[in-house]
Structures are given as structure tokens and as C-alpha cells.
Amino acid sequence: MERTFIILKPDAVQRGLVGEIISRFERRGLKLVAMKMLQVSEELARQHYAVHEGRPFFESLIRYITSAPVVAMVVEGTDAIAVVRNTVGATRPAEAAPGTIRADFGLEIGRNLVHASDGPETAASEIALWFGDDLIEWQRANDPWIFE
Ligand code: IDP
């Protein structure tokens, strides 16, 4: 069972898309194991996006993610990292496949609604950075109907 980290970015929250987006992950069968709403500090934003430091879009990315509240979460499931990335769609909404979150709700790369970890190492470090050990281990009643 794999875990991955997701942020519903400020545009998703401002546009009232929190429920819609979480529903897509829930309906896919992923299980929520952590969730919180927060205003991201500049320090956390810079740590989270450290890999992009120096890129031309870095400062606008920091302004975007710290501009208004976000909803951060961890989900668990079979191949969760890949499943979430393909539910979210390509970084640039114009290149995202129809039916993905970024294609269905987005137009611009700088307002692309969702962050999702891109591999096992980033998932582990992002979960640790945003939630520490604060994850809920729980049994979901319908797990046997989702996990073989
Ligand atoms: P990802 O979010 O699909 O993993 P990354 O390449 O890791 O994409 O970029 C992180 C975020 O930085 C993107 O989701 C997007 O919000 C922003 N970003 C990436 N490239 C650009 C760009 O060229 N212009 C503006 N924003 C960008």
C-alpha cells in the first residue's frame, strides 16, 4: 500500500472546488489518512518547492501558494502516487488529458489547482514536511471491495 501527498492549491479553495476534487480521489478508491486546511508560510513554501529555486517562475509560485488557504492531505492505496498523478493530469492544463482535474477545471500552469507528489522519495519527504507522524491508521469498511 502506497501513500502520497496532495495540496488543493489556493485557486481550488477559492473556487469552491475542494469537495469536487476530494471526491475524485475518494471515488477512485483512495483512502484519506491525513487532511488539514492551512495558510502556508513563506518558509514552508520555500522548503516544499526548494527543487524549483532559481527557476524563472519560482517567486510567483511562492506568491501563489502562500496567497490564500490551501487544503493538504495524504491518501493511501494501491499505486497511489501514479493514480493521483494521472487523476490530476499534466502540469500545463492545456496538455492535461480530458477528464483529469487540471483539464476539467484549469487553463493556466500558474493556476493548476493541485499539487501531487511525483515519486516515492518526494512523497515520503513531503508527507514528513507537512504532517510529520500525524497520520491516521484506520480500517475502512469497504476496503475488501476496493483492495484485492
Ligand atoms: P507538478 O506540479 O505537475 O509536479 P512541477 O514541474 O513540479 O509540476 O512544477 C511545480 C509547480 O510550479 C506547477 O504545478 C506549477 O504550478 C508551477 N510551474 C511549473 N512550471 C511553471 C511555469 O513555467 N510557469 C509558471 N508556473 C510553473
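Just so we're clear, the structure is a prediction, and the values are computed from it rather than from any experiment. We're numbering straight along the sequence, starting at 1. Each ligand, and each atom within it, is numbered from 1 in the order the structure gives.
Both the backbone and the side chain of Thr91 come within 4.0 Å of ligand 1, counting heavy atoms alone. For Ile109, heavy-atom contacts with ligand 1 shorter than 4.0 Å involve the backbone as well as the side chain.
Ligand 1 lies nowhere less than 4.0 angstrom from a heavy atom belonging to Asp118. Ligand 1 lies out of reach of Arg111, whose nearest heavy atom is not under 4.0 Å from it. Using a 4.0 angstrom heavy-atom cutoff, Glu108 does not count as in contact with ligand 1.
A donor-acceptor pair is defined here as one N or O able to donate and one able to accept, closer than 3.5 Å; such a pair exists between the side chain of Arg85 and the backbone of Ala116. Between the side chain of Lys31 and the backbone N or O of Asp143 there is no donor-acceptor pair closer than 3.5 Å.
Across all their heavy atoms, Val70 and Val40 have their closest contact at CG2-CG2, 3.5 Å.
Ligand 1 places these atoms under 4.0 Å from at least one heavy atom of Asn112: 13 (C), 14 (O), 15 (C), 16 (O).
Backbone and side-chain nitrogen or oxygen atoms of Tyr49 are examined, and none is located within less than 3.5 angstrom of a nitrogen or oxygen of ligand 1. Note: an N/O pair closer than 3.5 Å links Arg85 and ligand 1 by distance alone.
Among protein heavy atoms, atom 22 (C) of ligand 1 sits closest to Phe57 CD2, 3.5 Å. Looking only at protein heavy atoms, the nearest one to atom 10 (C) of ligand 1 is His52 NE2, 3.5 Å. Among all protein heavy atoms, the one lying closest to atom 17 (C) of ligand 1 is Leu61 CD1, 3.8 Å.
For atom 2 (O) of ligand 1, the nearest non-hydrogen atom from the set His115, Lys9, Arg102, Arg92 comes from Arg102.
More than 12 heavy atoms of other residues, nucleotides or ligands lie within 6.0 Å of CD in Glu59, so this atom counts as buried by the packing criterion. Within a 6.0 Å sphere centred on CG of Leu107, heavy atoms belonging to other residues, nucleotides or ligands number 12 at most.
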Passes salt bridge (Lys or Arg N to Asp or Glu O under 4.0 Å), Glu42 versus Arg46? Steps please.
CA-CA 6 Å; Glu42 175 137 354; Arg46 287 181 186 279; 2.8 Å; yes
Walk me through whether Val33 and Glu137 qualify under side chain to side chain contact (heavy atoms under 4.5 Å, CB included).
CA-CA 7 Å; Val33 293; Glu137 308 264 0; over 6 Å; no
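Taking the centre and axis of the six-membered ring of Tyr64, the NZ or CZ atom of Lys9 falls outside the cone set by 45° and 6.0 Å.
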